[in-house]
Amino acid sequence: MRYWLMKSEPSEYGIDDLKRDKQSAWFGVRNYQARNFMRDDMQVGDLVLFYHSTCPQPGIAGICKVAKAAAPDVTQFDPEDKHYDPKSKPDNPLWVCVEVKFVKKLDLIPLATLRETPALAEMRILQRGNRLSITPVSDAEWEYITTKLVK
DNA sequence: GCCAACGTTGGC
DNA sequence: GCCAACGTTGGC
């Protein structure tokens, strides 16, 4: 089993939305590296840090779990959708998404807290210039975050 | 709103 | 294959 961090803008889809929906497809990833993580490495049961980005208080907002393996992202074929991709054809879909299930909401662990935690210095999300919306989290990082930083 | 950093595109 | 230009991300 692996651990992951997935970013979302709470104004688009935040932890409260997932709590309400219980489970949701992770639509809209349009980056090859992030797609490959979902397609090749994510497995049902993997645990995920739900991260809020581009908002007044960026940070880890909750935990969810991979509930369904990668499948074609339906929004890529919908011209009305902001994630529409005319390059992708239904017989050879370019983009996939997993589904995640709500596990719990956390008291927000702010980005600033992550930054000032030496044990997390190597986290992908904290590296300079990192923009990947899906990144692996090491066992040690997961352990530290979920035991030391969660109230 | 600004800006640094990155990924993608497209001309050559 | 190179690389400049452009669009996007995301913190501040």
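Each chain gets a letter, A, B and so on, in the order its sequence line appears, and its residues count up from 1.
To the nearest angstrom, P of C:dG11 lies 6 Å from CG of A:Leu111. Residue A:Gln127 contributes atom CD, which lies 16 Å from atom C1' of B:dA4 at whole-angstrom precision. Protein atom CD of A:Glu12 is 13 Å distant from nucleotide atom C1' of C:dT9, rounded to whole Å. Taking atom NZ of residue A:Lys82 and atom P of nucleotide C:dT9, one finds them 8 Å apart after rounding to whole Å. Between the CG atom of A:Leu114 and the P atom of C:dC12 there is a distance of 11 Å, given to the nearest Å. In this structure, the CD1 atom of A:Ile125 is 10 Å from the C1' atom of C:dG10, given to the nearest Å. If you take CG of A:Asn130 and C1' of B:dA4, they are 14 Å apart, rounded to a whole angstrom. Regarding A:Arg115, its CZ atom lies at a distance of 8 Å from the P atom of C:dG11, rounded to whole Å.
The phosphate of B:dT8 has neither OP1 nor OP2 within less than 4.0 Å of any side-chain N or O from A:Lys87. OP1 and OP2 of C:dT9 both lie 4.0 Å or more from every side-chain N or O belonging to A:Lys7. OP1 or OP2 of C:dG11 sits under 4.0 Å from a side-chain N or O of A:Tyr51.
For the pair A:Phe50 and A:Trp4, the minimum side-chain heavy-atom distance is 4.5 Å or more. Taking 4.5 Å as the limit, some side-chain heavy atom of A:Asp73 sits within range of a side-chain heavy atom of A:Arg30.
Taking a cutoff of 4.0 Å between a charged side-chain nitrogen and a carboxylate oxygen, A:Asp16 and A:Lys19 do not qualify as a salt bridge.
The A:Tyr32 side chain lies nearest to B:dT8 when the options are C:dG10, B:dT8, C:dT8. In the set B:dG7, C:dG10, C:dC12, B:dG7 carries the atom at the smallest distance from any side-chain atom of A:Asn31.
Heavy atoms from other residues, nucleotides or ligands lying under 6.0 Å from CD of A:Gln23 number more than 12.
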